[in-house]
Amino acid sequence: MKEAPLSFEASAFQCFVRGLRGVWRDEAYRGSVEAARRAGSDEPAEIERKARESAAYQLYSWLERHSQQFKYYGRYGIVRWMEERKDELAKVLEESSKRHPELLQLNPALELPEYVRAVDTHQHGGGIWGDAADAFAYETSSSAYSFSLFNPRTPMELYAATARKLAPQAKAILDLGCTSGGSTRALARVFPGARVIGVDVCAPPLKLAHLRSLEQGVLTHFRQGNAEKLADADASVDLVASHWLYHEMPPAAVRRSLIEARRVLKNGGGFMAYDMYLVPGGAIGRWLQAGYAARNNEPFAHTYAGMDMEKELRAAGFTDIEMKIAHPEPSPEVQAGELPPHRTHYMTMITAKALPIAARGAT
Ligand SMILES: C[S@@+](CC[C@H](N)C(=O)[O-])C[C@H]1O[C@@H](n2cnc3c(N)ncnc32)[C@H](O)[C@@H]1O
């Protein structure tokens, strides 16, 4: 099962949806930005009130919400397509889970956090924790048809290259919120010989991650667990990394995860979070980001961007904190902190080092 199992009709339909996303990202976005500039305000709420009258912004916001629904639930939507093959997909994952079981550690007793269970993240009903069909649907959706419209391998390669610079000697690595393991395998490829463990709260995507690693011959471990309470011993890990995790967690959960990361890291170990955090483009950028978070059911994308991550990291016991926009397709405008010419996700790379914990005795 190497290719995303979409029929010809479903692939053609998804290309149409991508075309709609192109309109959203280009003309509709540019018209919305013009409307926002005409609003002449530094307050996102005021910009929203005034821009609503603009046809371009009405189109932009409609496409932002509904193109995602088409993608998942249209006539040839990815979720519909996968659900038709639900039993077959479940069987594929059950069988592959029996191969090299030492690499896949599931925990049926783990309680899913409410923010995972209760939010239809990305407008995907029930999200990715439900069953095999959901896991395959999310994989197909994020690997080929995401809002970002850039090759999903590009940010993962940047993620892995940054990890390598941050902790070149790392032997024990955690990739938190790994879903189907793309980011975990990217790390495993640049850290040959290291023990790289992808951690996620949801079982179906972990089983899929395991299948993909077996297919690709990449040695990775996967474990069902919560980033807020890791199973690892104190000071046992060299690098704790995450790729698009924190924008899916409420602030208190992010905070607990930072404290956990510091607990399991060795003194001087590396911390890395690659996600949407810094928002270029001032008030207009914040307005667009808040709208995206609301329309695509990613409520914590908004609250995460509002956190003071530097302060949070210091409080959790980190030093050498750096954060910068590290976009896979950098434009001069984004580098300068301004709005880009096309709408896309703005990725921020946050890196830090674990401060020694004096009271821990042996470490
Ligand atoms: C946007 S996806 C990450 C994508 C993945 N890292 C990749 O690059 O392909 C976020 C993932 O975080 C997981 N997640 C959310 N909260 C979590 C938590 N507290 N602990 C572990 N995983 C969590 C979700 O189940 C989901 O699979």
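Values below: all heavy atoms of this structure, side chains included; hydrogens, waters and symmetry mates excluded. Because the structure is a prediction, the values reported are computed rather than measured. Atoms within each ligand, like the ligands themselves, are counted from 1 in listed order.
Remark: ligand 1 and Cys202 share no N or O pair separated by less than 3.5 Å (distance only, no angle test). By the 3.5 Å distance cut-off applied to N or O atoms, His122 is not counted among the residues near ligand 1. Distances between N or O atoms of Val116 and those of ligand 1 include no value under 3.5 Å. Note: no N/O pair closer than 3.5 Å links Glu248 and ligand 1 by distance alone.
Of all atoms in ligand 1, numbered sequentially from 1 with element shown, those under 4.0 Å from a heavy atom of Met249 are 16 (N), 19 (N). With ligand atoms numbered from 1 in the order given, ligand 1 contributes 25 (O), 26 (C), 27 (O) to contacts under 4.0 Å with heavy atoms of Ile128. Residue Gly225 has at least one heavy-atom neighbour below 4.0 Å for each of these atoms of ligand 1: 20 (N), 21 (C). Within ligand 1, counting atoms from 1 as listed, the ones closer than 4.0 Å to a heavy atom of Leu245 are 12 (O), 14 (N), 15 (C), 16 (N), 17 (C), 23 (C). Numbered from 1 in the order shown, with element, the atoms of ligand 1 that lie under 4.0 Å from a heavy atom of Trp244 read 1 (C), 2 (S), 3 (C), 10 (C). Taking a cut-off of under 4.0 Å to the non-hydrogen atoms of Ala227, the atoms of ligand 1 that pass are 18 (C), 19 (N), 20 (N), 21 (C). Remark: ligand 1 atoms within the under-4.0 Å shell around heavy atoms of Asn226 are 18 (C), 19 (N), 20 (N). Under a 4.0 Å criterion applied to the non-hydrogen atoms of Tyr138, ligand 1 contributes the atoms 1 (C), 2 (S).
Tyr138 and Ser180 are not linked by any side-chain donor-acceptor pair at a separation below 3.5 angstrom, with hydrogens and angles left out of the test. Side-chain contact, Gln123 with Gln69: a donor N or O sits under 3.5 Å from an acceptor N or O. In this model, no donor atom of one side chain and acceptor atom of the other lie less than 3.5 Å apart for Thr220 and Thr184. Residues Asp175 and His243 bring no donor and acceptor atom of their side chains to less than 3.5 Å of each other. Checked by atom type, the side-chain pair Glu43/Ser41 shows no donor-acceptor distance below 3.5 Å. In summary, the side chains of Asn226 and Arg256 do not present any donor paired with an acceptor at a separation below 3.5 Å, with no hydrogens or angles considered. Counting only N and O atoms by type, the side chains of His247 and Glu298 include a donor and acceptor under 3.5 Å apart. A donor-acceptor contact closer than 3.5 angstrom is absent between the side chains of Thr344 and Arg25.
If you look at Tyr159 next to ligand 1, there are no close heavy atoms at all, none under 4.0 Å. Residue contacts with ligand 1, taken as heavy atom pairs separated by less than 4.0 Å, do not involve Leu176 at all. Here His243 has heavy atoms under 4.0 Å from ligand 1 in both its backbone and its side chain. Contacts with ligand 1 closer than 4.0 Å are made by side-chain heavy atoms of Tyr115 only, the backbone lying farther away. The residue Ser142 has no part lying near ligand 1, judged by heavy-atom distances below 4.0 Å.
In this structure, Cys178 is part of the shell of residues with a heavy atom less than 4.0 angstrom from ligand 1. Taking 4.0 Å as the cut-off, Pro205 does not count as a neighbour of ligand 1 on heavy-atom distance. Judged by the shortest distance from any of its heavy atoms, Ser242 lies outside the 4.0 Å radius around the atoms of ligand 1.
Under the 4.0 Å criterion applied to side-chain N and carboxylate O atoms, Arg80 and Glu84 are not assigned as salt-bridge partners. The residues Arg262 and Asp234 are annotated as not salt-bridged, no charged nitrogen and carboxylate oxygen being separated by less than 4.0 angstrom.
From the protein, the heavy atom lying nearest to atom 22 (N) of ligand 1 is Val201 N, 3.4 Å. Scanning all protein heavy atoms for the shortest distance to atom 4 (C) of ligand 1 gives Thr179 OG1, 3.2 Å. The protein non-hydrogen atom at the shortest distance from atom 9 (O) of ligand 1 is Met156 CE, 3.6 Å.
Here the side chains of Ile197 and Ile173 are not in contact, with every heavy-atom distance at 4.5 Å or above. Proximity of Leu339 to Val33: side-chain heavy atoms (C-beta onward) are separated by under 4.5 Å at one or more points. Two residues are said to be in side-chain contact when any heavy atoms from C-beta on lie closer than 4.5 Å; Tyr274 and Leu158 meet this criterion.
The two residues Gly125 and Asp134 have their closest heavy-atom pair at O-OD1, 4.4 Å.
For atom 27 (O) of ligand 1, the nearest non-hydrogen atom from the set Thr121, Leu112, Asp200, Val199 comes from Asp200.
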